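Worksheet for the structure shown next.
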Amino acid sequence: MIIRKMVHIKCRSNYYPFGAIKRLNFPDNLVPWTAAFNEYNPPEYNSPNLLGKPWADPDIDPKFHPHWNELDGAVNRKSHMGVYPVTDGKPLNPRGRTGLTGRGVLGRWGPNHAADPVVTRWKLCDDGKREIDQSTNLYILQFCAIKRRDSDEWALPGGMVDPGEHVSSTLQREFLEEALNSLESSPAELESNKKMIANFFTSGNEIYKGYVDDPRNTDNAWMETVAVNFHDEDGNLVGKFRLNAGDDAKSVQWMDIDQSLALYASHSLFIQTAAMLHGAHW
């Protein structure tokens with residue numbers, strides 16, 4: 001696994017993207033919690049749409065007693081980043097201040113665990129040979145990309161890990177739902193796709209595990225993920241299947257991996273790592 005430090009940038013934009021709440025702006029040197037910032041008093045936002053949802057925590061009050069930094073029943077409140085601090089009953093973002101308190105639109109206080117499958121294949125010319133980028137003289141790698149319904153940005157077909165669910169199951173489920181539209185597939189097609197994905201996803205390379213610089217992050221709730229690369233070397237497995245957008249995806253396609261791509265959250269880092277892993281063009 002290639003490990004890089006995740007940069008804390010996208011969750012410090014001027015406005016929180018889901019609720020039009022203005023974040024408090026401050027210089028980079030005041031991001032760490034260890035930096036003295038007595039005047040720090042950011043606004044708070046907790047989406048009303050989360051109240052009563054079975055997959056979301058309640059608001060923090062005297063009746064809510066989560067076990068921070070532990071497995072809390074079926075809910076995993078451990079962080080891939082290690083032990084995170086808790087102040088006034090609320091967990092603190094391990095990457096520092098974001099200019100907004102509360103949990104925003106995230107379901108869990110503290111870490112919200114996701115899984116991102118980076119499914120790749122080689123780009124082929126009409127004659128079946130791998131296509132070479134003229135600027136780097138390296139083969140071009142493609143990845144399965146979805147366009148998110150909420151932000152209209154291109155991203156990986158990932159999603160949240162359900163309580164008690166193993167990450168490997170999440171990776172398969174999300175790819176089936178978002179890239180192959182399993183929720184609307186016929187029983188026969190669904191069974192065929194499940195078998196194909198189960199076999200294909202038996203071997204993968206974990207390329208990232210940790211904090212995600214996600215625009216939904218706040219001081220008290222943040223995204224973490226496990227990104228795994230599943231590569232179809234010959235293009236005869238998932239690489240030849242018909243992609244069909246579903247669930248949270250409005251469209252899906254095979255996209256050339258290139259450094260000019262602007263992707264959701266930290267997904268550009270994941271596809272760059274996949275390109276490096278295969279010695280492909282970037």
Side-chain angles (χ1 to χ4, degrees), residues 6-24 31 33 42-61 64-81 84-116 148-151 153 155-165 167 170 173-174 178 208-227 247-248 263-267:
M6 187 65 66
V7 181
H8 191 71
I9 296 175
K10 291 190 176 181
C11 64
R12 293 178 56 220
S13 58
N14 287 332
Y15 283 90
Y16 191 68
F18 309 97
I21 307 298
K22 192 175 189 308
R23 291 182 185 268
L24 179 69
V31 169
W33 296 111
E44 179 177 0
Y45 179 64
N46 298 293
S47 174
N49 296 328
L50 297 177
L51 297 178
K53 299 294 184 183
W55 44 265
D57 288 334
D59 285 342
I60 290 182
D61 59 33
F64 181 46
H65 303 286
H67 298 287
W68 305 120
N69 288 296
E70 298 179 26
L71 188 61
D72 187 14
V75 178
N76 183 12
R77 300 193 188 278
K78 296 180 180 180
S79 170
H80 297 314
M81 310 302 295
Y84 50 85
V86 179
T87 300
D88 297 327
K90 295 181 180 180
L92 294 183
N93 190 313
R95 280 287 183 256
R97 301 179 175 98
T98 68
L100 185 70
T101 63
R103 60 173 164 158
V105 296
L106 294 177
R108 303 290 179 192
W109 295 91
N112 288 256
H113 293 286
D116 290 301
R148 295 175 61 101
R149 292 185 185 277
D150 58 0
S151 64
E153 293 176 277
L156 296 169
M160 306 306 297
V161 179
D162 290 338
E165 184 179 41
V167 168
T170 309
R173 172 172 54 80
E174 289 296 332
E178 296 193 347
Y208 184 80
K209 184 177 184 179
Y211 179 85
V212 178
D213 183 26
D214 192 290
R216 296 170 291 183
N217 292 351
T218 70
D219 286 3
N220 310 119
W222 60 91
M223 290 295 302
E224 298 189 11
T225 197
V226 176
D247 196 26
D248 296 329
L263 302 178
Y264 180 80
S266 303
H267 293 185

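These numbers come from a predicted model, not from an experiment. One-based numbering along the sequence shown.
- In this structure, OG1 in Thr98 is found 8.0 Å from CG in Asn220, a value given to the nearest 0.5 Å.
- Inter-residue side-chain proximity for Leu100 and Tyr15 is flagged as unmet; no heavy-atom pair is nearer than 4.5 Å.
- The OG1 atom of Thr101 sits 7.5 Å away from the CG atom of Asn46 when rounded to the nearest 0.5 Å.
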* Asked: Taking it one step at a time, do Trp222 and Tyr84 satisfy ring pair (Phe, Tyr, Trp, His ring centres under 6.0 Å)?
  -> CA-CA 11 Å; Trp222 60 91; Tyr84 50 85; 5.3 Å; yes
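- Note that CZ of Phe18 and CG of Asp150 are 4.5 Å apart. Values are rounded to the nearest 0.5 Å.
- Residues Arg23 and Ser13 are in side-chain contact: their nearest non-hydrogen atoms beyond the backbone lie under 4.5 Å apart.
- Of all heavy-atom pairs between Tyr16 and Pro215, the closest is CE1-O, 3.4 Å.
- Of the listed residues (Val226, Thr225, Asp116), just one forms a side chain to side chain contact (heavy atoms under 4.5 Å, CB included) with Tyr208, and that residue is Thr225.
- In terms of the side chain to side chain donor-acceptor pair (under 3.5 Å) criterion, Arg97 has no residue partners (sequence neighbours excluded).
- Within 6.0 Å of atom CG in Asp61, more than 12 heavy atoms from other residues, nucleotides or ligands are found, so the atom counts as buried in its surroundings.
- Between Met223 and Met160, the closest side-chain pair of non-hydrogen atoms falls below 4.5 Å.
- Of the inter-residue distances, the one linking Arg103 atom CZ with Asp59 atom CG reads 5.5 Å to the nearest 0.5 angstrom.
- When atom types are taken as modelled, the side chain of Ser79 and the backbone of Pro111 share no donor-acceptor pair closer than 3.5 angstrom.
- Two residues are said to be in side-chain contact when any heavy atoms from C-beta on lie closer than 4.5 Å; Val167 and Lys209 fail this criterion.
- Contact detail for Asp219 and Gly96: the closest heavy-atom pair is OD1-O, 4.4 Å.
- Residues Pro66 and Trp109 have side chains not in contact (no heavy-atom distance under 4.5 Å, counting atoms from C-beta outward).
- Under the 4.5 Å side-chain criterion, counting only non-hydrogen atoms from C-beta, His113 is in contact with Glu224.
- Put simply, the side chain of Val105 reaches to within 4.5 Å of the side chain of Tyr45, judged on heavy atoms.
- By the ring pair (Phe, Tyr, Trp, His ring centres under 6.0 Å) test, His267 is found to be paired with Tyr264, Phe270, residues two or more places apart in sequence or in another chain being considered.
- Counting all heavy atoms, side chain and backbone alike, Asn217 lies closest to Val212 at ND2-O, 2.8 Å.
- Arg108 and Pro163 get closest at one heavy-atom pair: NH2-CG, 3.7 Å.
- In terms of the ring pair (Phe, Tyr, Trp, His ring centres under 6.0 Å) criterion, His67 has no residue partners (sequence neighbours excluded).
- The local environment of NZ in Lys53 is sparse, with at most 12 non-hydrogen atoms from other residues, nucleotides or ligands closer than 6.0 Å.
- When all heavy atoms of Leu50 and Gly104 are compared, the closest pair comes out as CD1-O, 3.7 Å.
- For the atom pair CZ (Arg95) and CG (Asp213), the distance works out to 9.5 Å, reported to the nearest 0.5 Å.
- Scanning all heavy atoms of the two residues, the minimum distance from Asn76 to Lys78 falls at OD1-N, 3.0 Å.
- If you take CZ on Arg216 and OG on Ser47, they are separated by 12.0 Å, rounding to the nearest 0.5 Å.
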